[in-house]
Amino acid sequence: MKVYKGASASPGLVLGQVSRLERHVETFSDGPFNPEREQRMLDEAIHTAQTELDSMAERSAPTEQAIFLFQSMMLEDEGMMNEVRFQIKAGVGAAEAMDRVGRRYAERLANMKDNAYMQLRSVDILDATSRVVNILGNRPRVWMALDHPVILAADVLMPTDLFSVPSGMILGLITSEGSGQSHAAIIARAMNIPGIVQVGQGFLDDCDGRAVILDATKGECILDPDAAARQQAVTRICELQRENEELSALRALPNRTRDGAAFELLANCFGPEDIDTAMQSGACGVGLLRSSYMMLPGRILDEQEQYFFYTSCLAAANGCPVTVRTFDFGADRTMADAYQGLQSSKLGLRGIRNSLRNPRQFETQICALMRAAARGPLRVMFPMVTDVEDWDAAMEVVERCRQRLRERGVSFNEDTSFGVMLSVPSACLTAEEFVAHGCGFFVIGTNDLTQYTHAVDRELAPAEHYYRPASKAMKKLIRMVMDTAKQGNVPVTICGLAVGNPANATQYLQLGLRSFSMSPQNLLEAKKALLEADALPEEEELE
Ligand code: PEP
Ligand code: MG
């Protein structure tokens with residue numbers, strides 16, 4: 001019996017037999033090749049790969065759909081495909097050219113060490129390009145014919161791996177490398193398959209065909225467990241099943257506190273991929289869509305591409321409302337931050353400050369958003385607003401976009417609702433001015449509001465004890481916002497990691513909040529706390 005530690009990618013506990021995924025090692029012939037013929041074969045293979053990916057997308061839920069559509073889109077990426085063409089012209093065979101360029105592109109993204117988002121795209125590129133290489137080599141894309149459910153082990157997992165095995169045959173996933181933010185991990189979470197990453201090569205070399213207990217919540221696995229460990233695991237699996245059933249049963253209950261106050265539960269999301277998971281976990285909409293995360297390296301998407309992204313988000317939300325935050329470059333640590341080359345300190349030109357300095361880019365986003373708002377219940381908020389001057393400047397841009405869209409004669413929502421994300425104390429302290437200037441709604445962002453109120457970097461572990469999202473100071477600010485919102489009849493949502501914490505959610509409820517937005521995985525725990533809480537009138541509220 002040996003314990004291997006890794007990092008959790010998708011929670012859960014299972015017991016089963018490991019099956020190690022062996023990948024085909026490519027060998028390519030030396031040629032000579034006829035470049036024209038190779039190019040023709042490549043074009044056909046790309047067409048076949050895209051047909052396969054599109055058909056996989058059609059068969060899957062929005063979470064997976066977006067991933068397969070992204071892969072299909074990558075096979076049309078001009079930069080990458082030009083490099084492949086160039087190599088074919090220089091005499092390299094189509095399969096080898098595709099393989100080389102795919103690996104180089106994937107490696108470039110994988111090396112962005114402080115950027116989990118771009119790293120996960122890396123595996124998608126490999127997945128898509130190796131599909132083309134397999135088609136050119138006439139190899140099947142389904143790699144494993146399993147006759148009983150197993151725990152899959154591999155170096156890293158590709159998103160399509162999970163679809164290459166008959167459904168229900170994967171009990172769990174263990175990878176020696178990889179990331180919990182990868183698309184494969186997102187799909188695993190959506191499919192409720194427990195998984196851990198980064199257990200190391202030692203496990204991989206040793207695991208095939210052996211029994212394992214995978215405790216993915218804890219982020220570890222036990223190879224060759226003894227009888228006592230097995231018994232313990234089986235007991236815990238039964239307990240977890242009972243707890244899950246209890247939490248799942250909450251989904252159907254109306255959102256009402258013990259003393260009868262109605263509340264709404266929304267989710268903080270990154271795109272269609274996790275919106276779907278959120279909706280399945282009982283969210284009734286998206287309270288925060290972090291739009292900066294849709295960006296690919298070195299490029300701001302054009303209006304049409306952004307429009308597709310926002311409408312995909314609306315589709316994933318099944319007609320429920322989606323609140324999109326305009327770009328929050330300067331704080332999200334996406335590749336787009338680097339591309340913007342801005343002074344991206346947390347106290348610098350982030351959020352709306354950056355958008356206002358890049359009017360073209362801001363207009364593109366606002367036009368795409370107002371067009372998408374004609375297709376479903378979408379509203380828009382500005383991050384890092386400091387005072388009403390920011391709001392006025394942003395709304396001038398909105399007005400200009402309205403005018404342009406009218407002139408272009410495209411369909412858009414003239415009455416798209418715009419609001420402020422309150423994450424800077426100065427904005428909370430002057431909230432009435434936003435109301436007076438036509439602000440449609442407030443979203444209190446506790447992650448940043450705590451950081452700026454307490455002057456503490458939210459990512460700095462040694463200063464963590466200063467980071468208190470339900471402190472007296474925070475409550476005072478929140479109460480002020482609530483009073484202003486009540487007088488001005490402006491809806492307020494509270495969002496951030498703290499809202500997913502049952503104790504904090506209850507305190508915010510008692511400050512008058514009725515709309516809560518949090519990470520999808522916290523929805524049911526928070527709901528449980530709110531159902532059991534009383535929304536006490538403010539006079540009776542305990543500090
Ligand atoms: C917040 O600031 O509260 C928030 C939810 O936004 P983010 O975590 O993206 O900064
Ligand atoms: Mg924020």
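Every number for a ligand or one of its atoms is a count from 1 in the order of the listing.
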Tell me whether [X] has any N or O atom under 3.5 angstrom from an N or O of ligand 1.
X      : value
Asn268 : no
Arg290 : yes
Asp448 : yes
Asp328 : no

Worksheet item: Relative to the ring of Phe382, is the ring of Phe418 parallel (under 30°), tilted (30 to 60°) or perpendicular (over 60°)?
Response: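 Rings of Phe418 and Phe382: parallel, as their planes differ by under 30°.
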
Item to complete: Give a yes/no verdict on whether any heavy atom in Gln451 is under 4.0 Å from an atom of ligand 1.
Response: no

Can you name the atoms of ligand 1, numbered from 1 with element, that are less than 4.0 Å from a heavy atom of [X]?
X      : value
Arg325 : 6 (O), 7 (P), 9 (O), 10 (O)
Thr446 : 3 (O)
Cys495 : 3 (O), 5 (C)

Discussion item. Let me confirm one number: the OH-CG distance from Tyr105 to Asp124, rounded to the nearest 0.5 Å.
Written reply: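 Rounded to the nearest 0.5 Å, the OH-CG separation comes to 15.5 Å.
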
Worksheet entry | salt bridge (charged side-chain N to carboxylate O under 4.0 Å, His left out) involving Lys476 - partner list, sequence neighbours excluded |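 Here no residue qualifies.
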
Item to complete: Could you confirm whether Asp448 has any N/O/S atom lying under 2.8 Å from the Mg ion (ligand 2)?
Response: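 So Asp448 does bind the Mg ion (ligand 2) by this criterion.
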
Response to the item:
On a heavy-atom basis, the closest approach of Thr493 and Ser515 is OG1-OG, 2.8 Å

Practice prompt. Kindly indicate, with the supporting measurements, whether the criterion salt bridge (charged side-chain N to carboxylate O under 4.0 Å, His left out) is fulfilled by Lys346 and Asp457.
Written response: CA-CA 8 Å; Lys346 292 190 163 91; Asp457 188 324; 3.2 Å; yes

Worksheet item: Gln306 and Thr364: side-chain donor and acceptor closer than 3.5 Å?
Response: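 No.
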
Discussion item. Regarding Gln451 and Asp448, do their side chains bring together a donor and an acceptor under 3.5 Å, going by distance alone?
Written reply: yes

Practice prompt. Using the test ring-ring contact (aromatic ring centres under 6.0 Å, His included), find all partners of Tyr307 that sit at least two apart in sequence or belong to another chain.
Written response: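 ring-ring contact (aromatic ring centres under 6.0 Å, His included) list for Tyr307, sorted by chain: empty.
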
Worksheet item: Backbone, side chain, both or neither: what part of Leu449 comes under 4.0 angstrom of ligand 1, heavy atoms only?
Response: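 Answer for Leu449: neither.
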
Worksheet item: To which of Leu422, Leu497, Asn447 does the heavy atom nearest atom 1 (C) of ligand 1 belong?
Response: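 It is Asn447 whose heavy atom sits nearest to atom 1 (C) of ligand 1.
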
